[in-house]
Amino acid sequence: MKKSLLILNGPNLNLLGTRQPEIYGSTTLADIQSSCETHAKTLGIKVTFDQSNHEGALVDAFHAARGTHDGVILNAGAYTHTSIALMDAINATEIPTIELHLSNIHAREAFRHQSYVSRAAVGLICGFGAAGYALAITAMNDYLGNAT
Ligand code: DQA
C-alpha cells in the first residue's frame, strides 16, 4: 500500500502569492499543491492537500485523517501560536505530524516563537519558503520508514 500524507494548511495561507510576498514569497498555494503532488509522485506516495481558515475544521481534518493518512504535514499559520485544540488533536489522533512554516518563525516577532504544534510534532521545518513543503514530504517519508 502506498503511504498517504495529508498536507494541511491553516488560516490566510489561501492568500499566498499576494500575502506579504516579502515574507511568504510569491508562490501561490495552488502552485505549492502541484509541486507537492509532483514530488510525492517521485517518492511513490500519495498526498492530499487541504486548507481551512477555521480552527475547528483543522481539528476535524485530524480526526478524519485517522485510518486514512499515515502522516500529516501541518502549516497551522497563526493557530500554531494559539491553538491548544490543535495540539490536542495531534496527540489524540497519534498521527505523526511535521510542523511546517514558510518563514523562520524564530527570527520573527516574539509571539511567533511560541508553538503549541511543536509540543506534539515529530519535527519542525521552517524558513525555506515554499521549498519547505517538499522537504517536509521527504522528511515524513523517511520518518515513516519509506526512504528511497
Ligand atoms: C506561517 C507563520 C505564522 O506565524 C503565520 O501566522 C502564518 C504563516 C508561515 O508559514 O511562515 O500565517 O505559518
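Every number for a ligand or one of its atoms is a count from 1 in the order of the listing.
- Near Tyr24, meaning under 4.0 Å from one of its heavy atoms, ligand 1 places the atoms 5 (C), 7 (C), 8 (C), 9 (C), 11 (O).
- Residue Leu102 has at least one heavy-atom neighbour below 4.0 Å for each of these atoms of ligand 1: 9 (C), 10 (O), 11 (O).
- Distance alone, capped at 3.5 Å, places no donor-acceptor pair between the Ser83 side chain and the Thr80 backbone.
- With ligand atoms numbered from 1 in the order given, ligand 1 contributes 3 (C), 4 (O) to contacts under 4.0 Å with heavy atoms of His81.
- Of all non-hydrogen atoms in Leu13 and Gln51, the two that sit nearest each other are N-NE2, 4.2 Å.
- Contacts of Arg19 with ligand 1, taken as heavy-atom pairs under 4.0 Å, involve the side chain alone.
- Residues Ile125 and Leu43 fall within the same hydrophobic cluster, defined by Ile, Leu, Val, Met, Phe, Trp and Tyr side chains chained together at heavy-atom separations under 4.5 Å.
- Tested against Leu6, the residues Ile95, Thr48, Val47 include a single side chain to side chain contact (heavy atoms under 4.5 Å, CB included) partner, Thr48.
- Not one N or O of Thr80 is nearer than 3.5 Å to an N or O of ligand 1, by distance alone.
- If you check which protein heavy atom lies closest to atom 1 (C) of ligand 1, you get His101 ND1, 3.7 Å.
- Applying the 6.0 Å contact sphere to CD of Glu94 captures no more than 12 heavy atoms from other residues, nucleotides or ligands.
- Residue-level proximity to ligand 1 for Arg112 is carried by the side chain, the only part with a heavy atom below 4.0 angstrom.
- Contacts of Asn75 with ligand 1, taken as heavy-atom pairs under 4.0 Å, involve the side chain alone.
- Checked by atom type, the side-chain pair Tyr133/Asn9 shows a donor-acceptor distance below 3.5 Å.
- Remark: ligand 1 and Ile105 share no N or O pair separated by less than 3.5 Å (distance only, no angle test).
- The closest protein non-hydrogen atom to atom 11 (O) of ligand 1 is Ser103 OG, 2.6 Å.
- Residues Leu124 and Val72 fall into different hydrophobic clusters, defined by Ile, Leu, Val, Met, Phe, Trp and Tyr side chains chained together at heavy-atom separations under 4.5 Å.
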